[in-house]
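Within every chain, numbering begins at 1; the chains are lettered A, B, ... in the order of the sequence lines, protein sequences first and strands thereafter. The analysis underlying the following values was restricted to heavy atoms, covering all of them including side chains, and did not include hydrogens, waters or symmetry mates.
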Amino acid sequence: MADGDTLKRIKELDSGNNIRSVYDASVKKKMAFIIGTTVLLVIMFFISVAVGAVDIPFMDTLKAIGHAIVPNLVDEPSKSYYVGFVKTRSYRAILCIVTGISLAVAGTIMQGILRNPLVSPFTLGVSSAASFGAAMGIVFWGSIFGSVTGGIVLLGSTLAYEDIFTMILAFVFGLVSILFVILLSRRADVSRSTVILAGVIISYLFQAGVSLAKYLSDDDALREITNWLLGGMWNASLSTDLIVIPIVAICLIYLEFLAPKINVLAAGDDVASSLGIDVKKLRNTGLIVSTFMTSVCIAFTGIIGFVGLMAPHLCRMIIGNDTKYLVPASALVGGFIVLLSDTVGRVIMRPNELPVGIFMYIIGGIFFVWMMLRKKKEVRL
Amino acid sequence: MDDAPQEEGGQTVSLRLENLVQGYGKKTVLNDISFEVPEGKMVAVLGPNGCGKSTLIKTVCKIIPPKGGRIIAEGEDISDIDRREFSKIIGYVPQKYAPSDYMQVFDAILIGRAPYMGWSYSDEDFEAAADAVDEMGIADLIDKDIQDLSGGQIQKVIIARAIAQKPRYFILDEPTSALDLRNQLNTLRTMKRIIDKQNAGVLVALHDLNLAMKFADHVVMLKDGKVFAAGAPEEVINEDSIMAVYNVSSEIVEGRGGKYVHICEDEQEDYDLAE
């Protein structure tokens with residue numbers, strides 16, 4: 001074919017072939033956003049480690065972290081007690097980031113799968129079910145295992161049996177809630193509004209349970225439940241990080257792997273199904289994996305609201321609805337928001353701490369008020 | 001149908017419905033439907049609202065499994081064909097495009113490559129999408145948001161997506177119902193062009209009898225979930241069948257370029273507004 005090249009030239013000149021350059025340009029924009037937020041998150045990490053009840057000079061923060069990683073190359077910080085602060089704050093910052101990632105990604109996936117921008121681990125009842133589990137753990141620990149004290153020592157940090165009991169119940173109930181949602185919506189086929197409705201119903205039922213637990217509990221238990229419901233990073237330690245990181249990492253990779261299929265769902269259930277997607281299976285696995293990921297985190301941290309809604313929203317506004325890029329982008333933004341909230345919470349009333357949840361509700365509320373007033377570019381799915 | 005199945009090396013190249021039965025719960029919507037969509041032909045399904053046109057389309061697209069009978073594509077029962085493989089054979093163009101979809105046009109078209117893609121798009125995917133864009137003449141729209149498009153433009157994007165999918169058969173559910181006159185004609189002309197170019201088969205549910213008369217090679221008229229009449233459009237669409245199926249009196253008139261259905265309102269006593 002002598003004129004093969006000519007044909008190709010003509011084709012390249014043809015405007016239709018633009019689709020590739022338009023796509024590439026949009027990918028570049030998305031990548032720029034992802035790289036930008038990565039840089040912001042790294043900076044936020046160092047700030048978070050440096051500030052607190054005792055501020056550490058920035059160079060000493062870098063030295064302490066560097067020395068911990070490559071002791072031969074980096075000197076110790078100027079004051080040796082900095083090392084301890086840097087360690088505990090790093091573990092906490094990592095838990096913040098991982099929690100933010102899991103909630104934001106779960107929100108992104110749930111929104112994509114149910115094609116509703118208002119869905120999050122909250123609206124589907126995961127959070128209230130986990131709260132219910134935790135409340136049950138707190139209230140009944142005394143009456144069931146009252147005499148048991150002590151805990152497990154894991155990598156130098158102690159986890160009390162009582163806390164472990166609470167965490168396990170929170171995790172299990174978080175997962176149970178999504179199974180309820182799936183079972184409830186199974187009869188009515190896979191219509192997404194039934195799934196959401198089922199989530200709302202489950203959520204109210206478990207909230208009633210939490211209220212009952214609060215009503216029945218004594219002062220100490222009530223205080224503990226309230227703390228749990230506000231969410232906090234008090235449990236952060238090397239061992240919690242090491243439990244949470246691999247689970248969230250595996251779930252994240254799996255969900256990113258599902259992302260192209262979730263994109264197809266945006267064309268509607270019928271079209272997606274005609275394009276070779278098993279809609280029901282995709283919906284169920286997506287819901288279960290993202291719930292698993294969030295349940296693990298909130299079992300340690302308690303309820304952390306709004307990230308699952310705010311981070312994906314923000315990213316959709318900036319980079320659009322391609323789930324492939326939304327997952328990493330909202331993961332980074334989610335990690336950033338939780339870390340920022342926790343850092344502010346630690347600093348704003350020092351030496352006292354404000355639970356991360358409170359600050360999160362404040363910035364979340366302001367964010368959505370701003371979004372409503374802005375109304376320029378509507379975020380839709 | 002009056003056409004015998006085309007045999008090619010012993011294998012039937014057509015999409016064939018054999019005694020198809022479909023229903024929801026105890027209600028039977030389609031009963032004993034048999035016809036075929038040969039390659040390179042456009043078959044129109046006609047009938048009033050609620051006669052089962054959409055159900056038929058969705059069954060053929062394997063969105064709802066049939067209650068009885070079989071659908072044969074490429075010589076194989078479609079319920080035996082793997083989901084992904086099936087999506088390379090049949091391209092579905094829905095009646096309504098969910099208006100809540102928020103994405104850009106190029107994303108919407110590339111979705112049509114789902115049956116072929118892995119985690120990312122290949123050169124072939126981009127080429128197929130570019131061809132589809134050229135075919136529909138929507139190069140100027142590719143970087144627009146879907147929600148900013150008009151109904152006619154959205155229809156073009158959905159058809160472009162189906163073209164990018166490169167199926168052997170296009171199944172369209174009332175593709176013209178939301179369009180103005182010009183876009184109705186353009187849509188069906190495009191499908192005709194694709195039939196000629198790719199030798200694809202098209203099954204289209206239509207409301208407009210005149211469009212069916214003008215574009216379809218075969219017509220299947222449904223009444224109460226059964227095939228009332230099937231065959232060439234001029235044979236099937238006549239005063240009697242329109243009266244029997246739609247309960248509307250009409251007159252077939254000879255006009256420029258063929259026969260036309262003229263609705264006679266004067267004899268009409270009650271409008272059946274079922275649904």
A.B. asks: Hey, does the Lys NZ or Arg CZ of B/Arg83 hover above the aromatic six-ring of B/Phe86, less than 6.0 Å from the centre and inside 45° of the axis?
C.D. replies: no
A.B. asks: Taking ring-ring contact (aromatic ring centres under 6.0 Å, His included) as the definition, give me every residue that meets it alongside A/Phe306, ordered by chain and number, with sequence neighbours left out.
C.D. replies: A/Tyr361, A/Phe368
A.B. asks: Measure distances from B/Leu110 to the heavy atoms of chain A and classify the residue's part below 4.5 Å as side chain, backbone, both or neither.
C.D. replies: side chain
A.B. asks: So which of A/Val264, A/Val271, A/Asn263 has the biggest tally of heavy-atom pairs under 4.5 Å with chain B?
C.D. replies: A/Val271
A.B. asks: Can you run down the side-chain hydrogen bond (donor to acceptor under 3.5 Å, both in side chains) pairs that involve residues 251-261 of chain A, sequence neighbours left out, and say none if there aren't any?
C.D. replies: none
A.B. asks: Applying salt bridge (charged side-chain N to carboxylate O under 4.0 Å, His left out), can you list everything that pairs with B/Glu85, at least two apart in sequence or on another chain?
C.D. replies: B/Lys88
A.B. asks: Is the shortest distance from a Lys or Arg side-chain nitrogen in B/Arg16 or B/Glu18 to a carboxylate oxygen in the other one below 4.0 Å?
C.D. replies: yes
A.B. asks: With a 4.0 Å cut-off, would you call B/Lys197 and B/Glu135 a salt bridge?
C.D. replies: yes
A.B. asks: Taking C-beta and beyond as the side chain, do A/Asp270 and B/Pro94 meet within less than 4.5 Å on heavy atoms?
C.D. replies: no
A.B. asks: Could you tell me which portion of B/Asp82 (side chain, backbone, both or neither) has an atom closer than 4.5 angstrom to a non-hydrogen atom of chain A?
C.D. replies: neither
A.B. asks: Heavy-atom cut-off 4.5 Å, strictly under: side chain, backbone, both or neither for B/Met136 against chain A?
C.D. replies: neither
A.B. asks: Taking non-hydrogen atoms and a cut-off under 4.5 angstrom, which of residues 324-331 of chain A neighbour chain B?
C.D. replies: A/Lys324
A.B. asks: To check you understand the geometry: which heavy-atom pair defines the closest contact between A/Ala106 and A/Thr294, and what is its length?
C.D. replies: CB-CG2, 3.8 Å
A.B. asks: By a 4.5 Å heavy-atom criterion (distance strictly below it), what part of B/Ile63 contacts chain A: side chain, backbone, both, or neither?
C.D. replies: both
